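Since the structure is predicted, the reported quantities are computational estimates derived from the model, not experimental observations. Every chain is numbered from 1, with letters handed out A, B, ... down the list of sequences.
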Amino acid sequence: MEINVVTVRIIMKKFPEKEKRTSKKKPVQEKSAEATFFDAVYAVVRQVPRGRVTTYGAVAEATGLRMSARMVGWALSVCSRAKPKVPAHRVVNRMGILSGRHHFATPTLMQELLEQEGVKVEDDTVVDFKQLYWEPS
DNA sequence: AATTTGACTTACT
DNA sequence: TAGTAAGCCAAAT
């Protein structure tokens, strides 16, 4: 299934309402909307192509949370919960700095993952960030 | 229950 | 041009 901004916005519409789960044997705190909020963020992040990067703000905008870039970081900080893995290493701040590197298994993992994809990193910053920047659409 | 704290960004001194 | 404030909102304390 191809997920685009429209799809994400539809998902976000469900954000405020409580979602009833059929399965009751999962008392996980997934109280309600986070699941869909996470999904929305993850859906966007998964679209980032290999070797490209995007920013928290861009993801936030694509999910409709225009000014809530922080929420994106928060969602990614718990992305271990996501079933299909999320290429969180492709999300950096607007300066191209790997501000989230400390949240990976090792502080250098994020950079290593990026370099594996051909993205050069210097001083915790993506080289040629402007060219590698990918805007969610 | 209230306050602080972020994997951020923009706007205004 | 650099520093501060404000906006976001769920978690953690």
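Atoms CH2 (A:W74) and C1' (B:dT9) sit 19 Å apart, rounded to a whole Å. Taking atom CG of A:L114 as the reference point, atom P of B:dA7 lies 18 Å away to the nearest angstrom. Atom CZ of A:R70 and atom C1' of C:dG7 are 9 Å apart (whole Å). Taking atom CZ of A:R94 as the reference point, atom P of C:dC8 lies 19 Å away to the nearest angstrom. For A:F129 and B:dC8, the CZ to C1' distance is 12 Å, given to the nearest whole Å. Taking atom CE on A:M67 and atom C1' on C:dA6, their separation rounds to 9 Å, with Å as the unit. For the pair A:F38 CZ and B:dA7 C1', the interatomic distance rounds to 14 Å; values are reported in whole Å. Between the CG atom of A:L76 and the P atom of C:dA11 there is a distance of 14 Å, given to the nearest Å.
Residue A:S99 is in sugar-phosphate contact alone, with no base atom involved, counting any heavy-atom pair closer than 4.0 Å across all strands shown. Within the nucleic acid shown, A:A88 comes within 4.0 Å of at least one base atom, counting heavy atoms only.
Between the side chain of A:Y42 and the backbone N or O of A:A75, at least one donor-acceptor pair lies under 3.5 Å. For A:T125 (side chain) and A:D123 (main-chain N/O), a donor-acceptor pair under 3.5 Å exists by modelled atom type.
Listed nucleotides: B:dT9, B:dA7, C:dG7. Nearest to the side chain of A:N93: B:dT9. Closest to the side chain of A:M71, from the set B:dA7, C:dC9, B:dC8, is C:dC9. Which of B:dT9, C:dC9, B:dA7 sits closest to the side chain of A:H103 comes down to B:dA7.
If you take atom P in B:dC8 and the same atom in C:dT1, they sit 25 Å apart, rounded to whole Å.
When A:V121, A:V48, A:L114 are each tested for a side chain to side chain contact (heavy atoms under 4.5 Å, CB included) with A:V53, only one passes: A:L114. For the pairing with A:V91, the side chain to side chain contact (heavy atoms under 4.5 Å, CB included) check across A:L98, A:T54, A:V41, A:V86 returns one residue only, A:T54.
Residue A:T55 has no polar side-chain atom (N or O) positioned under 4.0 Å from OP1 or OP2 of B:dC8.
Contact check for A:D124 versus A:Q111: side-chain heavy atoms found under the 4.5 Å cut-off.
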